[in-house]
Amino acid sequence: MSGLVTGDAVVLGLQPARLPSRALAVLIDLVVVWAVYLLITLGLAVATASLDEAAVTAVSIASFLLVLVGAPIAVETLSHGRSLGKLACGLRVVRDDGGPVRFRHALVRGAMGVVEILMTFGVVACVSSLVSERGRRLGDVFAGTLVVRERIPAARALAVPPPPPWLVGRFTGVDLSAVPEALWLEIRQYLTRSRELDPVVGRRLAERLADELVARTGTPPPAGVPAEAYLAGVVAERQARDARRAFAPGAGGGTGPTGFVAPAGAGGAPPMGTFPVAAPPVVAPPVLAPPVLAPPAVAPAVADPVVVDPVVVDPAVVDPAVVDPVVESGARPTGFAPPA
């Protein structure tokens with residue numbers, strides 16, 4: 001890995017491309033460019049058959065410069081340092097600070113490429129790449145660029161082997177606060193690679209790491225416990241403490257402000273990778289009573305009008321208490337009492 005420092009004082013870890021991958025990328029680019037150049041040359045030969053020799057020479061030089069020099073510069077500028085060959089090989093041209101290349105970088109690289117690749121058949125470029133620490137050719141040196149690998153195989157994640165069953169829970173009272181992270185990293189790397197080491201070398205390394213761990217914790221291993229088993233037991237204890245701290249009720253369990261309750265897993269902790277979501281409350285729809293329709297109003301029957309003949313009674317002749325105000329002509333009583 002090559003440490004590149006950016007303008008913001010950030011160190012970038014980039015892996016420079018070496019000669020085999022760069023040579024393969026250049027070969028792919030040359031095959032494509034020469035194929036295009038030959039097709040264009042044949043087309044121009046047919047089109048300029050009627051021109052004189054000077055015109056044909058000028059057209060040939062222009063096509064050479066445009067196809068073999070201008071085309072790679074344009075492709076590298078527009079693709080930000082990834083030509084067809086570099087794209088196939090997983091390479092990329094970047095600046096010394098890790099940024100994308102510009103037109104001036106591509107121009108210098110293309111101009112120097114004519115000299116060290118086309119005119120010398122790549123001999124100068126191969127020698128300069130072998131001499132350079134980062135595998136740079138002369139064009140990269142003058143342009144201030146670097147060819148790096150974009151596709152880096154991911155490293156396999158190796159799990160730390162578990163301790164023997166009879167050591168589980170034996171280191172619960174050990175104080176691990178004074179152990180630095182660098183020592184933890186060394187112990188984990190040793191435990192994951194212990195099967196690949198020579199037995200004698202692995203035993204010596206385990207004893208050295210165990211002595212450093214005892215000096216930090218102040219707790220020696222139990223009698224008769226090998227150094228490798230002791231390291232595995234202490235690492236397992238630290239992982240168990242980290243898990244309990246991460247899944248403690250105060251850290252991630254319990255009821256939060258949103259009413260979320262984490263389900264309990266092993267040891268009362270929620271299972272790893274599980275994020276339950278509380279079901280929303282079920283609200284019953286309001287029950288609407290059917291409307292009560294009043295019966296239609298029926299107009300009361302109107303009786304036939306009764307015509308009452310007016311009767312004139314002389315109060316001086318007839319006693320009002322004796323005379324019944326009934327029509328003597330046979331009309332029905334209507335309950336109407338005329339005024340005296």
For R92, what residues pass the side-chain hydrogen bond (donor to acceptor under 3.5 Å, both in side chains) criterion, not counting sequence neighbours? E150
Using a 3.5 Å cut-off and no angle test, enumerate the donor-acceptor pairs between side-chain atoms of residues 34-42 and protein atoms at least two apart in sequence or in another chain.
residue : atom : partner : partner atom : Å
T41     : OG1  : Y37     : O            : 2.7

Is any NZ, NE, NH1 or NH2 atom of the basic residue among E207 and R204 found under 4.0 Å from an Asp or Glu carboxylate oxygen of the other? no
List, by chain and number, the other hydrophobic cluster members for L138, where Ile, Leu, Val, Met, Phe, Trp and Tyr join if side-chain heavy atoms come within less than 4.5 Å, directly or indirectly. V108, M112, V124, F142
So which residues get pulled into V147's cluster when ILVMFWY side chains under 4.5 Å apart are joined, directly or through others? L91, V93, V101
Suppose we screen for salt bridge (charged side-chain N to carboxylate O under 4.0 Å, His left out). Which residues come up paired with R188, at least two apart in sequence or across chains? none
Which residue pairs satisfy the ring pair (Phe, Tyr, Trp, His ring centres under 6.0 Å) criterion with at least one member in residues 206-235, sequence neighbours excluded? F171-Y230
Can you run down the side-chain hydrogen bond (donor to acceptor under 3.5 Å, both in side chains) pairs that involve residues 72-89, sequence neighbours left out, and say none if there aren't any? D29-S83, E76-R109
I117 and V26, any side-chain heavy atoms less than 4.5 Å apart: yes
By salt bridge (charged side-chain N to carboxylate O under 4.0 Å, His left out), which residues pair with E237, not counting sequence neighbours? R241, R244
Any residue meeting side-chain hydrogen bond (donor to acceptor under 3.5 Å, both in side chains) with E133, in chain and number order, not counting sequence neighbours: none
Qualifying residues under salt bridge (charged side-chain N to carboxylate O under 4.0 Å, His left out), relative to E53, sequence neighbours excluded: none
Which residues satisfy the salt bridge (charged side-chain N to carboxylate O under 4.0 Å, His left out) test with D242, sequence neighbours excluded? R238, R245
Would you mind listing every side-chain hydrogen bond (donor to acceptor under 3.5 Å, both in side chains) that reaches into residues 212-228, with sequence neighbours excluded? S194-E228, R195-E228, R208-E212
